[in-house]
Amino acid sequence: MHTQPDLDPLLDFSPYRLLTEPDAVHQRMREEAPVRLVREESGFTYWLISRYAEARQALREPALSNDPRRLGHAVDTDNAYSPMANNDPPHHTWLRRLVSHGFTRRRIEALTPRAAAVTDDLLDAVAPAGRADVIADLAFPLPVLVICELLGVPTQDREAFRTWGAHTLSTAAGPRTREERSRRLRAYFTRLVAAKRTAVRADLAPDEQPDLLSALIVAQERHSSLTDDELIGLAVLLLVAGHETTTNLIGNGLLTLLLHPDQQRLLRDEPSLLPSAVEELLRYEGSAGQSSLRVAVDDLVIGGAVIPRGSVVNIGLSLANRDPGAFRDSDTLDVRRDPNPHLAFGHGIHYCLGAPLARMLAATALGALLRRFSGLALAARPDELHWRQISILCGLAALPISFDPVRPETSGT
């Protein structure tokens, strides 16, 4: 029988504080045990993992379930649950294999020109003003429009997704707003799947279909154990999770570059560093401060701590990505950093399936901003910025910038 250790409260741990006061949180966690039992102000108790080696172990640990239904009343499972992100093998493995048809290298490469065209259109609209809100004007609409294309949302419906979803950027958007969003999305995709089902070419393999929804419909017809609820849930997950994480990555990433002008200049001078810069921005200021909560289905030992069966485990991704034992000068932004085995997209079987798409969209957006606009500057004080926190994700509600458009004859384009 295991004895519960004394609780050592860390009342202010949150992804929000990791983004707004990272140095203070990182310093405190380095002084503490890498695996510790903490209690938030709400009374919610869990094991927090804050060091890189232990985080990698936990992300691969089969005794840690990713299904929030095991949490009982700790979370609102009706809103938190999605069929792939919150599931365990073998069903998770099978669902992931089906969805992987949408994220092949061929599909991402085919989407890249479209992402570049959308980015240019969005920047064309704000260039004359010399000012913009990067979140509303670029970071939010770009992922929505590109993911709609990936899923096969009809062109005439895509602008409605952008308009309909914009109100979720408000810091006032609460659980009811997200519930209504989920309900509307499920209703829309239910209709869209029914329409596509009558037009899909069943003679083509899933990875030969023109869009991801068609691929999933064919996979469902060939493997009847994929339910309609799961298919619709996957579509909603890909749109909601995909656009929120990428919106935050673009916004957080640009803010980080604005606050590190030496790194911004280096990236302007050497555009070939953009891929490594995206990786470093993911490590340094990724949008997910922690993993989704896990539940121990058996007793296990991580970092010398005995975690009893039934315990809730929170893996601090932002903390692990600043571990000086894993990254040299871990609190320094270095767009040349190589290697960079960060955990921003997770690790193991739940590694983010949409990582290639997020990387491509971030590189496209940040590259275009640096190429097209000189004199990029934050048009507000850092302490005036407001952050949105939804579940494990944290991002800016707005990012006002000022700039001077680069004249076409000198832009290199």
Side-chain angles (χ1 to χ4, degrees), residues 67-69 75-87 91-92 94-103 107 111 140-141 143-169 173-247 292 353-354 357 390-391:
D67 189 340
R69 293 171 295 186
V75 296
D76 183 350
T77 54
D78 288 339
N79 294 325
Y81 181 74
S82 61
M84 185 177 67
N86 303 121
N87 216 320
H91 197 55
H92 166 270
W94 176 70
L95 285 172
R96 186 180 177 92
R97 188 177 300 119
L98 292 180
V99 179
S100 66
H101 294 299
F103 295 95
R107 282 198 192 272
L111 282 171
F140 181 83
V144 168
L145 294 174
V146 173
I147 293 171
C148 280
E149 181 137 338
L150 172 70
L151 289 171
V153 172
T155 303
Q156 65 270 21
D157 292 346
R158 294 176 190 175
E159 189 61 27
F161 272 88
R162 175 182 173 181
T163 303
W164 158 83
H167 73 283
T168 63
L169 292 173
R176 288 187 179 179
T177 300
R178 295 192 292 275
E179 288 171 17
E180 177 64 14
R181 176 184 65 179
S182 179
R183 186 189 67 77
R184 291 186 180 185
L185 279 176
R186 291 188 70 89
Y188 174 82
F189 281 116
T190 297
R191 295 191 299 271
L192 182 58
V193 166
K196 283 185 175 290
R197 200 184 300 278
T198 64
V200 72
R201 286 191 55 184
D203 58 312
L204 296 179
D207 57 1
E208 297 174 323
Q209 296 296 327
D211 57 70
L212 181 53
L213 274 183
S214 296
L216 289 173
I217 289 168
V218 171
Q220 182 188 42
E221 291 175 351
R222 297 183 179 188
H223 307 279
S224 58
S225 54
L226 177 65
T227 68
D228 284 346
D229 279 347
E230 287 174 330
L231 196 158
I232 300 304
L234 287 170
V236 172
L237 168 70
L238 292 169
L239 182 65
V240 173
H243 96 70
E244 286 184 347
T245 54
T246 307
T247 293
S292 55
L353 195 60
L357 180 62
I390 299 176
S391 184

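Values reported hereafter were calculated over all heavy atoms of this structure, with side chains retained and with hydrogens, waters and symmetry mates removed.
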Hey, mind stepping through Leu212 and Arg107 against side chain to side chain contact (heavy atoms under 4.5 Å, CB included) and telling me if it holds?
CA-CA 9 Å; Leu212 181 53; Arg107 282 198 192 272; 5.6 Å; no
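- If you take CD on Glu244 and CG on Leu239, they are separated by 9.0 Å, rounding to the nearest 0.5 Å.
- For Thr245, the side chain to side chain contact (heavy atoms under 4.5 Å, CB included) criterion is met by Ser287, Leu393, not counting sequence neighbours.
- Rounding to the nearest 0.5 Å places CG of Leu150 at 7.0 Å from CG of Leu238.
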Evaluate side chain to side chain contact (heavy atoms under 4.5 Å, CB included) for Leu357 paired with Ile147, printing each intermediate quantity in order.
CA-CA 9 Å; Leu357 180 62; Ile147 293 171; 3.9 Å; yes
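- Side chain of Glu221 to main chain of Val218: no donor-acceptor pair is present (N/O by atom type, distance under 3.5 Å, no hydrogens or angles).
- With Thr247 contributing its side chain and His243 its backbone, the two residues share a donor-acceptor pair below 3.5 Å.
- Once rounded to the nearest 0.5 Å, the distance linking OG1 of Thr227 with CD1 of Ile232 reads 9.5 Å.
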For residues 195-205, run the donor-acceptor check on the side chains, cut-off 3.5 Å, and write out each pair with its distance to 0.1 Å, sequence neighbours left out.
residue	atom	partner	partner atom	Å
Lys196	NZ	Gly152	O	3.0
Lys196	NZ	Asp211	OD2	3.0
Arg197	NH1	Gln220	OE1	2.7
Arg197	NH2	Gln220	OE1	3.2
Arg197	NH2	Asp228	OD1	3.4
Thr198	OG1	Ala195	O	2.7
Arg201	NE	Asp203	OD1	3.3
Arg201	NH2	Asp203	OD2	2.7

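- Qualifying side-chain hydrogen bond (donor to acceptor under 3.5 Å, both in side chains) partners for Glu149, counting only residues two or more places apart in sequence or in other chains: Arg114, Arg158.
- When all heavy atoms of Leu231 and Leu216 are compared, the pair lying nearest together is CD1-O, 3.9 Å.
- Applying the ring-ring contact (aromatic ring centres under 6.0 Å, His included) rule to pairs touching residues 182-204 yields Phe161-Tyr188, sequence neighbours excluded.
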